[in-house]
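Here the structure is a predicted model, which is why all the values come from computation and not from measurement.
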Amino acid sequence: MAPPRRSSAAAGGGGKKRSRSKLTVDLSGHGGKYEDAVTNGGNTSEVESEDDDFDNDNRNNASEEEEDSEDEETVDAKRLRLAREYLSKMEAQESSSEDGSDEEDDAESDDEDGADRSSSTKEKVGKRIAQERLRKSGLLQSHLADSILEGIQTMRGNIASKIGIDAASQAWMGGEAGEGASAESYAKSWLDAKYVTYHRGHDLTPTCVSLSQDGHTAYSGAKDGSLIMWNVEEGRKMSCVLPAVKHGSNNHDHRNQREILSIATSDDDRYMAVGGRDNCVRIFDIRTLGKSSNASSPITTLEGHKKAVTALAFRSRTLDLYSGSEDRCIRRYDLNAMTYVETLYGHQSPIAGMACANKNRPVSIARDRTVRVWKVEEDSHLVFRPGGDVGSAECVTAIQDGWFVTGHDDGRLALWKEEKKRPVGDAIVAAHGYHGGTSGVTRSVMCCDALGLSDVLATGSNDGYLRLWKVNTADKEAGIKPLDTVPIHGHINSIAMGPGGKFCVAAVGQEPRLGRWDRVSRAKNRFAIIRLNSGEES
C-alpha cells in the first residue's frame, strides 16, 4: 500500500508559503553593495521603512561632509576674495574718475583709449596700495610745507591788522624786521598774540628739548642741571624731574658738571635718555615720571664716556640708543636689556650731534669737519667731507633713510644723500644772516630739526628768527628752499617739531648751548612753544 502524499499546506505548517525578498543596502562609502536575503515574514512595510531611514542618514552625512568641505574652502579663499573685491572697488573708483575727465574724447580712438585707461588705472591702484602699506608701517612721506607757509602768513596778517601795520609790506611778508630793538619788538608782537609762548622753569640757559611721539608732552634741560616735563597742550609745567643746582648748595665745579646738554626719547614713549657734563647717560622711565616720589630717579645710569655727552639719538621705532661725546667716541646701547653693546671709533675731534632714521645707520658730526654714516651691521662707515672752506657742522637731522641735513658754524645749510660724497643741490650760504650786516661774519646754524618723512625743516641761531625751510628729496629737484620765519629773540639752542607740523618747541636763552660767548643780555631763558598754523588749537 503506497504511503499518502504530503500536501503543500502541510509542508508550510500554516497553509501559506513564506515569501523571500531581497534587501539591497548601499554601502558605497565602504567599497560597494552588500546583498542579503531576508525573510520578511509578511511584514514588508517595516523593512522598507528601516531601509529608507538608513538611506536618509547616509545622504545627511554626505551633505554635512560637503558643507564642511565648502566651509574649509571658503576660509582658505576668503583672503583672496576680499583682496579681489578691494582691487575691483579701487579700479572702479579710478576708472570712474578718468571717465569723467575723458568724456570729450573722439569715438574713433575708444579702443586705444580704453586700453590706456585700464593700464593707467592699474598703475594708480598700485600706487595707492603702496601708499597704504607705507602709511600703516609709518613710512609714508607727507608734504606739509605749503600748509605751514599758509598758516604763518595768516598769523602774520592777523598781527599786522591788530597793531595797524600794512601786512603787505616787505618787512612783514618776508618775516624780517631788521636787528636790535626792531627785531625785539617784532618778536614781542608774536608773544602778545599768543602765537609764541614762553614758559619759566629754568634759571640758566635751556640747552635741549625733546617731544613725545604724540606731541602732548615735552622735556627740556638746562645748564643749571634742571630737567622739566611740560604739558604742551595746556602750556604748563607738569613735573620737575631733576631740580636745579643752586649757588651755595654745591661747589662751582659740581654745578658745571650737572649741565644737561642732550635729551632723546624713544618712539614708544617708554624711555628718555639724558646726557651732560657728568660723562654719563641717565635713563628715565617716562611712564612713571611725576607719579611718585621715587619716579624722578633714573632707572639706570650708563657709564663709559670719559668726557661730556653732547649728543643722543634713538634709532627710529626701536630701543637702540647712540651717544656721542667730547671723547670722540660713539657708544651703542640696547635698552631692551639696558646694556652696552659696542663703541664706534673714527672721529678725530669732539662729537657735536647725532641723528638716526629707520635703518640702523646713525649719522654723526664732529669738529673734524667730517660727517660720518655708520653701517653698524657691516662694521664700517662712510665719511663725507664738505670740502673747501666749509666749517665744521654744528647740528644734524635725518629727513628719511639715506637723506639728512647738516648746519655749519659758518652759516651753511646742506642736504646730503648717502650715495653721494658731496651735498645735493646748492648749499644755503649764510642761512641766518650776518653779524652787523652783509659785511660782517656769518651766524652759525646752532640747531636744526626735521619733521620725519616730510618736507619741513626748522633751524635756529641767534639772529632773532626761527627759520623754516622746504626740503625736496626728488633726485632731479633735490635741494633746500627758504619757507618762512618766526621771530624768537635770543639763542635758539634746540628745536623739536611737533606731529603734523602744527607746532614746535624750542630751548631759548641768553647763551649758546656749549659755551658762554656772544651773550644776548636782553633775552630770557625760557621754554618756548611756537604755533605753525592759524587754528585755535596747536
Subject >> CG-CG distance between Leu319 and Leu335, expressed to the nearest 0.5 angstrom >> reply: 5.5 Å
Original post:
Do the side chains of Asp518 and Asn462 get nearer than 4.5 Å, heavy atoms only?
Top reply: yes
**OP:** Would you sort out whether Tyr198 and Asn525 count as a side chain to side chain donor-acceptor pair (under 3.5 Å), showing the intermediate values?
**Re:** CA-CA 9 Å; Tyr198 285 166; Asn525 298 322; over 6 Å; no
Subject >> Verdict with supporting geometry, His408 and Ser392, side chain to side chain donor-acceptor pair (under 3.5 Å) >> reply: CA-CA 6 Å; His408 299 257; Ser392 61; over 6 Å; no
Original post:
With distance as the sole test, does Arg315 use its side chain to make a donor-acceptor pair with the main-chain N or O of Asn358 at under 3.5 Å?
Top reply: yes
Original post:
Looking at Ile260, Leu261, Leu204, which hits side-chain contact (heavy atoms from CB on, under 4.5 Å) with Lys223?
Top reply: Leu204
Subject >> From Val456, Val405, Leu451, Leu453, residue fulfilling side-chain contact (heavy atoms from CB on, under 4.5 Å) relative to Ile399 >> reply: Val405
**OP:** Would you check, one step at a time, whether the test side chain to side chain donor-acceptor pair (under 3.5 Å) holds for Asn360 with Asp320?
**Re:** CA-CA 9 Å; Asn360 197 10; Asp320 292 341; 4.5 Å; no
Subject >> Donor-acceptor pair, side chain of Asn493 and main chain of Glu511, under 3.5 angstrom >> reply: yes
Subject >> Over 12 foreign heavy atoms within 6.0 Å of CD, Glu377 >> reply: no
Original post:
Should we say atom CZ of Arg84 is surrounded by more than 12 heavy atoms from elsewhere, each under 6.0 Å from it?
Top reply: no
Subject >> Backbone of Ile351 reached by a side-chain donor or acceptor of Thr310 within 3.5 Å >> reply: yes
**OP:** Heavy atoms only: give me the nearest Gly215-Phe503 pair and the separation to one decimal.
**Re:** O-CZ, 3.4 Å
**OP:** Apply salt bridge (charged side-chain N to carboxylate O under 4.0 Å, His left out) to Asp327 and list each qualifying residue two or more places apart in sequence or on a separate chain.
**Re:** none
**OP:** Determine which pairs satisfy salt bridge (Lys or Arg N to Asp or Glu O under 4.0 Å) with at least one residue from residues 346-362, sequence neighbours left out, and list them in order.
**Re:** Arg361-Glu378, Arg361-Glu418
**OP:** Under the side chain to side chain contact (heavy atoms under 4.5 Å, CB included) rule, what do Ile330 and Met354 come out as? Steps first, then yes or no, please.
**Re:** CA-CA 9 Å; Ile330 298 173; Met354 291 195 67; 3.8 Å; yes
**OP:** Would you name the heavy atoms of Leu483 and Ile148 that are closest together and state the gap between them?
**Re:** CD2-CG2, 4.4 Å
Original post:
Going through the distances and angles, do His347 and Ser349 end up as a side chain to side chain donor-acceptor pair (under 3.5 Å)?
Top reply: CA-CA 6 Å; His347 281 294; Ser349 297; over 6 Å; no
Subject >> Ala496 versus Leu211, closest heavy-atom pair with distance >> reply: O-CD1, 3.7 Å
Subject >> Value rounded to 0.5 Å, distance of NZ in Lys194 from CZ in Arg531 >> reply: 11.5 Å
Original post:
Taking atom NZ of Lys307 as the centre, does the number of heavy atoms from other residues, nucleotides or ligands within less than 6.0 Å exceed 12?
Top reply: no
Original post:
Closest approach of Leu466 and Ala458, non-hydrogen atoms and distance?
Top reply: CD1-CB, 4.3 Å
Subject >> Polar side-chain atom of Ser266 near backbone of Tyr271 as donor-acceptor pair, under 3.5 Å >> reply: yes
Original post:
Within the distance-only criterion (no hydrogens, no angle test), does the side chain of Asn279 pair as donor or acceptor with the backbone N or O of Ala308 below 3.5 angstrom?
Top reply: yes
Original post:
Would Asp192 and Lys188 pass as an ion pair if we require N to O under 4.0 Å?
Top reply: yes
Original post:
Above 12 or not: heavy atoms from other molecules or residues under 6.0 Å from CD of Glu477?
Top reply: no
Subject >> Non-neighbouring partners of Phe527 that pass ring pair (Phe, Tyr, Trp, His ring centres under 6.0 Å), sequence neighbours left out >> reply: Trp230
Subject >> Any Val281 side-chain heavy atom under 4.5 Å of Leu312 side chain >> reply: yes
Original post:
Say you draw a straight line from OG of Ser142 to CG of Asp455; how long is it, rounded to the nearest 0.5 Å?
Top reply: 7.0 Å
**OP:** For the residue pair His381 and Leu344, establish whether any side-chain heavy-atom pair is separated by less than 4.5 Å.
**Re:** no
Subject >> Polar side-chain atom of Gln348 near backbone of Gly346 as donor-acceptor pair, under 3.5 Å >> reply: yes
Original post:
Are the charged groups of Asp484 and Arg156 less than 4.0 angstrom apart, N to O?
Top reply: yes
**OP:** Name all residues meeting the ring pair (Phe, Tyr, Trp, His ring centres under 6.0 Å) criterion together with His305; count only those two or more places apart in sequence or in a different chain, and write none if there are none.
**Re:** none
Subject >> Ser210 OG to Tyr219 OH distance, which is reported to the nearest 0.5 Å >> reply: 8.0 Å
Original post:
Heavy-atom distance under 4.5 Å between the side chains of Ile530 and Tyr195, does that happen here?
Top reply: no
**OP:** Compare all side-chain heavy atoms of Thr265 with those of Gln213 and state whether any distance is below 4.5 angstrom.
**Re:** no
Subject >> Reported CZ-to-CE distance for the pair Arg287 and Met272, which is rounded to 0.5 angstrom >> reply: 13.0 Å
**OP:** Can you establish whether the number of heavy atoms outside Asp379 located under 6.0 Å from its atom CG is more than 12?
**Re:** no
**OP:** Anything under 30° is parallel, anything over 60° is perpendicular, the rest tilted; go ahead and classify Tyr340 against Tyr333.
**Re:** perpendicular
Original post:
salt bridge (charged side-chain N to carboxylate O under 4.0 Å, His left out) with Arg277: which residues, sequence neighbours excluded?
Top reply: Glu259, Glu326
Original post:
Is Asp224 close to Thr205 at the side-chain level, that is, under 4.5 Å between some pair of heavy atoms?
Top reply: no
Original post:
Does Gln510 reach the main-chain N or O of Ala523 with its side chain, forming a donor-acceptor pair under 3.5 Å?
Top reply: yes
Original post:
Say you draw a straight line from SG of Cys447 to CZ of Arg513; how long is it, rounded to the nearest 0.5 Å?
Top reply: 9.0 Å
Subject >> Over 12 non-hydrogen atoms of neighbours within 6.0 angstrom of CZ in Arg332 >> reply: yes
Original post:
Is any side-chain N of the basic residue among Glu394 and Arg367 closer than 4.0 Å to the acidic one's carboxylate O?
Top reply: yes
Original post:
Taking the side chain from Ser147 and the backbone from Leu144, do they hold a donor-acceptor pair closer than 3.5 Å?
Top reply: yes
Original post:
Is the backbone of Asp410 close enough, under 3.5 Å, to the side chain of Thr442 for a donor and an acceptor to pair up by distance?
Top reply: yes
**OP:** Decide side chain to side chain contact (heavy atoms under 4.5 Å, CB included) for Ile283 and Leu302; before the verdict, give the C-alpha distance in whole Å, the side-chain angles of both, and the deciding distance to 0.1 Å.
**Re:** CA-CA 8 Å; Ile283 308 299; Leu302 303 173; 4.1 Å; yes
Original post:
If every non-hydrogen atom of Ala478 is compared with every non-hydrogen atom of Val424, which pair is closest and at what distance?
Top reply: CB-CG1, 3.2 Å
Original post:
In chain order, what residues pass the salt bridge (charged side-chain N to carboxylate O under 4.0 Å, His left out) check against Asp475, with sequence neighbours excluded?
Top reply: Lys417
Original post:
Where is the tightest heavy-atom contact between Val209 and Ser494, given as atom of each residue plus distance?
Top reply: N-OG, 3.2 Å
Subject >> Side-chain donor/acceptor of Arg369 to backbone N/O of Val390, under 3.5 Å >> reply: yes
Subject >> Side-chain heavy atoms of His489 within contact of Arg522, under 4.5 Å >> reply: yes
